[in-house]
Amino acid sequence: MIRWATAFLDATAADWDRTLAFWQAATATTLSPSRGPDGEFVTLVPADGDAFLRAQRVRSGPGGVHLDLHVDDVRAAADAAVALGARELAASDHVVLTSPGGLAFCVVADPAGRRPAPATWQRPAGGSHASLLDQLAVDVPAEHEETERRFWSALTGWPARTTAPGASLVPLHRPDGMPLRLLLQRLDEPTGPVRAHLDLACSDRTAETDRHVALGARVEAVREHWTVLADPAGRRYCLTDRDPVTGTLP
């Protein structure tokens, strides 16, 4: 059983400081002391509830995000993932794997926690709005669509929500108290590796967009229910019209 879920911001040394500064400000969190042999791990600690966003300084690669799933028995969970089609890359007190389409994730033994409440932000013109980072979207090229949907639903035990036939966005049903939703998003790409991005739910997308741009993000696209941005390190993420408390569209 999945007890908790954590999103990791993966950043190279060149992007490390600006990644931490941006996401700390964007999510109203404070930084824990660094840990790891080279001080390569840090937790973004919310004012309310327990942490589910961390960062890892990586030696190479483009950076991005990955997912940690917290379980009671790490070895059993890793073996179950492999049986479902995952590939095991490394094992110690946690196990590093990739999904069938290549998205990196880990199974770890850390305990569950209490989901934080949304942060409230004051608008310059008066009033306030709320936001919460609450979703990891698995970005899936068409060739991996069915395999990845089956894999993540079976691995987590979270059923897919009912959607229209052929829908490109399929959220999994998040258990009560879980900090992150999982969303399977079919890309307009026939092939390629599976990757992921983070989404925030916000009560006023325009105001939240302005706040993120002031922090150094740039807007890449505006859709009906979400806005695509890139953080100062170039990491794409979305602001959505979903309710920060329920995680669903109003």
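Along the sequence shown, the residues carry numbers beginning at 1. Note that this is a predicted model, so its numbers are computed, not measured.
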Can you give the donor-acceptor pairs under 3.5 Å from side chains of residues 45-54 to other protein atoms, not counting sequence neighbours?
residue	atom	partner	partner atom	Å
Asp48	OD2	Ala117	N	2.7
Asp50	OD2	Arg114	N	2.6
Arg54	NE	Thr43	OG1	3.1
Arg54	NH1	Thr6	OG1	3.1

Pair Leu67, Leu182 - check side-chain contact (heavy atoms from CB on, under 4.5 Å), show working. CA-CA 10 Å; Leu67 178 68; Leu182 287 183; 4.0 Å; yes

Quick check for you: to the nearest 0.5 Å, what is the distance between [X] atom [atom1] and [Y] atom [atom2]?
X      : Y      : atom1 : atom2 : value
His144 : Leu187 : NE2   : CG    : 10.0 Å
Ser99  : Leu84  : OG    : CG    : 11.5 Å
Asp241 : Thr248 : CG    : OG1   : 12.0 Å
His225 : Arg205 : NE2   : CZ    : 8.0 Å
Leu103 : Trp152 : CG    : CH2   : 5.0 Å
Arg75  : Asp73  : CZ    : CG    : 9.0 Å

Quick one: side-chain hydrogen bond (donor to acceptor under 3.5 Å, both in side chains) partners of Glu143, sequence neighbours excluded?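 Applying side-chain hydrogen bond (donor to acceptor under 3.5 Å, both in side chains) to Glu143 gives Thr191.
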
Between Glu148 and Arg195, does at least one N-O distance fall below 4.0 Å, as a salt bridge requires?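 Here Glu148 does not pair with Arg195 in a salt bridge, since their nearest N and O are not under 4.0 Å apart.
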
Quick one, Asp139 with Arg236, criterion side-chain contact (heavy atoms from CB on, under 4.5 Å). Give me CA distance, side-chain angles, the key distance, then yes/no. CA-CA 11 Å; Asp139 299 321; Arg236 285 190 177 92; over 6 Å; no

Least distance between heavy atoms, [X] atom then [Y] atom:
X      : Y      : value
Arg174 : Asp134 : NH1-O, 3.6 Å
Pro244 : Ala130 : CG-O, 3.7 Å
Trp4   : Gly113 : CZ3-O, 3.1 Å
Pro116 : Leu132 : O-CD2, 4.0 Å
Thr19  : Ala233 : OG1-CB, 3.7 Å
Gln135 : Leu180 : N-CD2, 3.7 Å

With Glu40 via salt bridge (Lys or Arg N to Asp or Glu O under 4.0 Å) - residues at least two apart: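 Result, salt bridge (Lys or Arg N to Asp or Glu O under 4.0 Å) vs Glu40: none returned.
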
Salt bridge (Lys or Arg N to Asp or Glu O under 4.0 Å) against Glu208, all qualifying residues, sequence neighbours excluded: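 Once residues adjacent in sequence are excluded, the partners of Glu208 under the salt bridge (Lys or Arg N to Asp or Glu O under 4.0 Å) criterion are Arg211.
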
Could you check whether any side-chain N or O of [X] sits under 3.5 Å from a backbone N or O of [Y], counting only pairs where one atom can act as donor and the other as acceptor?
X      : Y      : answer
Ser131 : Ala201 : no
His129 : Ser203 : no
Arg181 : Leu172 : no

Does [X] share a hydrophobic cluster with [Y], counting links as ILVMFWY side-chain heavy atoms below 4.5 Å and allowing steps through other members?
X      : Y      : value
Val58  : Leu136 : no
Leu69  : Met1   : no
Met178 : Val108 : no
Tyr237 : Phe8   : no
Trp121 : Val213 : no

A side-chain contact here means heavy atoms from C-beta on lying under 4.5 Å apart; do [X] and [Y] qualify?
X      : Y      : result
Leu198 : Arg235 : no
Leu200 : His212 : yes
Pro232 : Leu215 : no
Arg242 : Trp226 : no

Are there over 12 heavy-atom neighbours, none belonging to Arg123, within less than 6.0 Å of that residue's CZ? yes

Could you walk me through whether Asp199 and His197 pass the side chain to side chain donor-acceptor pair (under 3.5 Å) test, one step at a time? CA-CA 7 Å; Asp199 291 341; His197 70 266; 2.9 Å; yes

Apply the test side-chain contact (heavy atoms from CB on, under 4.5 Å) to residues Phe105 and Val138: give CA-CA distance (whole Å), side-chain angles for both, the deciding distance (0.1 Å), then the verdict. CA-CA 11 Å; Phe105 70 100; Val138 181; over 6 Å; no

Please report, to 0.1 Å, the donor-acceptor pairs under 3.5 Å made by any side chain of residues 23-31, with sequence neighbours excluded.
residue	atom	partner	partner atom	Å
Trp23	NE1	Asp231	OD2	2.8
Gln24	NE2	Thr29	O	3.4
Thr27	OG1	Trp23	O	2.5
Thr27	OG1	Thr29	OG1	2.9

Can you check side-chain contact (heavy atoms from CB on, under 4.5 Å) on Leu169 and Thr163, steps first, answer last? CA-CA 8 Å; Leu169 301 175; Thr163 57; over 6 Å; no

Salt bridge (Lys or Arg N to Asp or Glu O under 4.0 Å) pairs, two or more places apart, involving residues 3-29: Arg3-Asp72, Asp15-Arg18

